[in-house]
Amino acid sequence: MIVFDLAFIRIKQVIRSKEFYFYVIGFPLFFMILFGFISRSWAPAVTTLDIGLYTADNPIVDPITDEMLAMGNLFTSVLSDYKSESGIKIFSTISYAELEKMDTDIRNLVIYGGVEIPSDFSSQASNMTRYYASLILIQQLTAEFENYPSETVNISNAINQLSVYLNSSANLVLNFHGDVTLQDTMQSYTYLWQIMSEFISNHSIIHANSIWTILQQNYSFSFDLNLTSDISSSSSVSFDVQLVSSSTGDAIEDFQREFYSKLLPGNIISTILLSSVSAIWILDQENKTGLLKRLKLTKLSSVQYLGSILLAWSTIAILQGIFMLTFAAMLGFISFSLNPLVWLMMIATMALLGIISATIALIIGSFIQARIAAPILILFGSTLHMFVAEFFITIKPIFSFAGKNFSWLDATPFRSAFLVMKNGIMLESSSEITGLLFDFLLLVIWTIVLFVIGAIIFNKYKLKYAEKE
Amino acid sequence: MGTVVECKNLTKKFGDFQAIDNVSFTVEEGELFTLLGPNGAGKTTIVKILTGQLSATSGRAEVLGVNISEILKSDMKYKLSYVPQEHLVWDDLTVQENVSLMGKLYGLKKVELQKKVSKMIENFGLKGHEKKRADKLSGGMKRKLSIIMALMNDPLLLFLDEPTTGLDVHARTLLMEDLKRLKNAGTTIILTTHLMEEAEALSSRVLIINKGKIVSMGTVEELIQSYVGEKVLQVGLTKDSDDFERFLKTKKKENAELDYIRIKDTFFVKSDEITRLMDEIMKIEAIMGDIMEMNIKKGGLKESFLFMTRELYDNSTVIVETKESEEK
């Protein structure tokens with residue numbers, strides 16, 4: 001059969017072209033590997049920056065100032081308003097009434113971490129800030145002995161009163177729940193340490209000011225103090241942000257599965273589309289050298305000529321697709337154990353994509369020279385699939401039909417091919433395979449329509465051209 | 001079959017440009033018919049019309065008994081073949097793949113195909129290069145490959161458009177031997193060339209064409225006899241060619257049989273008294289001092305062609321007619 005012979009020759013021509021390996025295989029493969037591996041450090045929360053807050057804190061009454069202290073609430077508001085040096089809010093906080101719910105959301109990567117404020121937070125924070133406040137005040141009052149000799153008795157009494165609090169101890173602990181393997185979780189953990197330190201420092205000054213007001217009332221000092229933060233480590237008080245590990249493995253796996261189910265079909269579409277460049281080159285060469293005209297004197301019919309092109313590029317497409325899928329499976333992006341029916345449907349999809357790809361080559365090649373058409377197709381082929389896979393933007397559906405939503409993306413045959421492959425990769429059980437049929441049928445219709453258009457155009461503008469002029 | 005090609009008043013215009021003008025000729029079975037003319041004469045246009053690649057503006061042509069407008073629809077198209085000026089091969093296929101594919105395109109069956117491919121490759125001296133890709137072949141080998149591919153259908157009529165263009169002397173000589181072999185095997189060949197030696201060595205008949213019009217047509221011997229005769233004097237001067245031309249003009253007035261053409265400082269002179277003319281020139285010291293070379297040559301197609309297409313080289317107007325029209 002001359003169609004098979006000619007198709008085989010064309011496959012040989014493509015395989016022998018260095019450009020094929022570089023642009024058609026190398027290019028999409030590079031992006032598949034690049035995005036595939038980068039995605040492993042991605043999580044959906046990266047873009048949301050949500051953090052959970054759970055507080056079990058019990059407010060207390062300060063023994064010196066008699067003020068009600070709800071340190072847990074104060075800390076959560078600091079956390080919510082905390083900004084980076086460039087003035088951008090770092091966290092978007094979500095309050096949780098139940099700790100379990102927060103942990104569930106962490107595991108599902110709804111949030112990338114959660115702060116648990118324990119019940120003694122106010123008590124411990126109050127002890128700690130009182131300790132530092134007393135320390136600050138004692139240091140400053142001691143410095144005033146020489147300046148105000150007439151008030152030494154009052155200063156001594158005040159220092160004695162404050163010294164009592166230096167004997168108290170505090171151990172302020174904050175729990176941070178999250179997956180230690182996630183970079184952003186650990187980044188948040190680091191931020192928490194910084195926020196905690198600033199929080200204690202600021203509240204120590206506030207506390208010192210409150211105590212100083214009371215001391216003024218009791219001892220009527222003739223001087224005033226300039227209270228500044230000077231927190232130093234101490235064996236009697238300490239704070240800690242404890243990390244409570246929470247695994248997000250399943251969620252990440254789901255996320256990556258979803259990600260790869262978009263990435264792979266996109267890459268396969270890209271690689272098959274790019275192969276139309278080689279079709280354009282070969283057809284252009286046949287036209288330029290006069291081979292196309294020469295073929296008109298042989299027993300090869302136009303139908304056989306077109307058939308050989310479609311057969312060749314659908315075979316090439318299948319080889320490309322299988323190569324990409326195998327490579328992806330070897331890299332762990334998909335499982336080898338896909339349902340055989342899904343494999344079959346995906347191979348058929350690739351073959352149809354190959355026909356579409358060759359048809360595009362016939363149409364474009366009928367009007368434009370290869371040296372112009374090739375870069376256009378490379379640009380088109382390497383970007384279009386990103387839109388089809390909705391990598392950048394989600395397109396709103398325009399209408400629904402047969403239980404399926406349609407958007408303007410469905411105006412390209414690649415969308416249905418993409419959906420068959422994406423849903424095939426995501427398929428949970430064999431019974432769901434019927435869900436792929438609608439898009440597959442749509443792809444078949446697209447292929448037939450495009451092929452007819454392509455054949456008419458090529459026959460009119462290229463084969464006729466070859467025949468006459 | 002007898003007449004293989006018959007053209008009557010064939011004309012082709014590209015816009016205002018008249019590529020061929022009222023061309024009529026016939027080619028008989030087994031002939032190697034040469035279309036000889038300078039570049040742009042219209043040779044390739046005639047070949048393209050006769051192979052169905054171009055349509056004629058007016059006139060009529062039949063190839064293998066089929067009107068040329070119907071040839072692509074007729075089974076007779078399988079019995080003609082052509083080799084254009086460009087190398088008509090698939091560059092990224094090997095020699096064997098190219099030849100095999102062309103055989104398959106003509107419906108040859110496996111056993112027959114294998115035999116024929118081997119035989120053709122061997123006959124044309126490409127044995128040992130079967131696995132070489134076409135783009136790795138030399139110009140001569142590539143041309144041979146084109147010709148082999150064109151012969152895979154055992155054509156009754158083969159068109160060869162400037163087959164030796166771009167080939168070195170060695171490759172050209174080898175190819176001419178191949179063409180002689182084809183001619184002797186009985187293949188009817190229509191060859192276009194602008195090389196006189198090629199036409200002289202190979203042709204059964206030659207059609208000389210210039211600016212789309214037939215200048216002359218006949219066998220090589222007939223053309224030589226008609227335009228230059230048996231001998232021609234070639235004179236090459238270093239300078240003062242005008243003096244020599246004045247001398248020739250004077251002689252021409254005295255002898256109506258004398259004619260010449262001048263190409264820069266070289267003169268080709270034909271006369272019924274060529275030896276006497278040479279003696280006379282040798283006696284004129286003023287001219288002899290400027291002569292670089294002077295010899296009597298056997299009249300050939302090259303000299304005939306120069307006389308036929310003299311308007312390209314000098315201002316003298318020559319009314320040229322075909323042998324056929326002369327006879328009328």
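What you see is a predicted model, and the numbers here were worked out from it, not measured in a lab. Chain letters run A, B, ... following the sequence lines, proteins first and then strands; every chain starts at 1. What's counted below: heavy atoms across the whole structure, side chains too, no hydrogens, waters or symmetry copies.
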K.L.:
Indicate the atoms forming the closest heavy-atom contact of A:Leu291 with B:Leu88, along with that distance.
P.N.:
N-CD1, 3.5 Å
K.L.:
Answer with side chain, backbone, both or neither: which region of A:Gln304 has an atom nearer than 4.5 Å to a non-hydrogen atom of chain B?
P.N.:
neither
K.L.:
Using non-hydrogen atoms and a 4.5 Å limit, figure out which bit of B:Met102 sits close to chain A: side chain, backbone, both or neither.
P.N.:
side chain
K.L.:
Between NZ of A:Lys299 and CG of B:Leu105, what distance do you get to the nearest 0.5 Å?
P.N.:
11.0 Å
K.L.:
On a heavy-atom basis, which atom in B:Tyr82 and which in A:Leu297 lie closest, and how many Å separate them?
P.N.:
CD2-CD1, 3.6 Å
K.L.:
Nearest 0.5 Å please: distance from the OG1 atom of A:Thr289 over to the CH2 atom of B:Trp90.
P.N.:
8.5 Å
K.L.:
In Å, rounded to the nearest 0.5 Å, how long is the span from CZ of A:Phe8 to NZ of B:Lys104?
P.N.:
8.5 Å
K.L.:
Could you tell me whether B:Lys119 atom NZ has more than 12 heavy atoms of other residues or ligands within 6.0 Å of it?
P.N.:
no
K.L.:
For B:Gln53, is there any backbone N or O sitting under 3.5 Å from a side-chain donor or acceptor partner on A:Lys293?
P.N.:
no
K.L.:
Indicate the atoms forming the closest heavy-atom contact of B:Ser81 with A:Arg294, along with that distance.
P.N.:
OG-NH2, 2.6 Å
K.L.:
Tell me, side chain or backbone of B:Thr94 under 4.5 Å from chain A's heavy atoms, or both, or neither?
P.N.:
both
K.L.:
So which part of A:Ile2 gets closer than 4.5 Å to some heavy atom of chain B, the side chain, the backbone, both or neither?
P.N.:
side chain
K.L.:
Could you have a look at B:Glu86, B:Met149, B:Glu97 and say which one has the most heavy-atom pairs with chain A under 4.5 angstrom?
P.N.:
B:Glu97
K.L.:
Is the NZ atom of B:Lys183 crowded by more than 12 outside heavy atoms at less than 6.0 Å?
P.N.:
yes
K.L.:
May I ask you to check whether over 12 heavy atoms, not counting those of B:Lys213, lie within 6.0 Å of atom NZ?
P.N.:
no
K.L.:
Is it true that atom CZ of A:Phe4 has more than 12 heavy atoms of other residues, nucleotides or ligands lying nearer than 6.0 Å?
P.N.:
no
K.L.:
Heavy-atom pairs under 4.5 Å with chain B - which of A:Leu300, A:Leu295, A:Ile9, A:Thr298 has more of them than the others?
P.N.:
A:Thr298
K.L.:
Less than 4.0 angstrom from a charged side-chain N to a carboxylate O is my criterion; do A:Arg16 and B:Asp92 meet it?
P.N.:
no
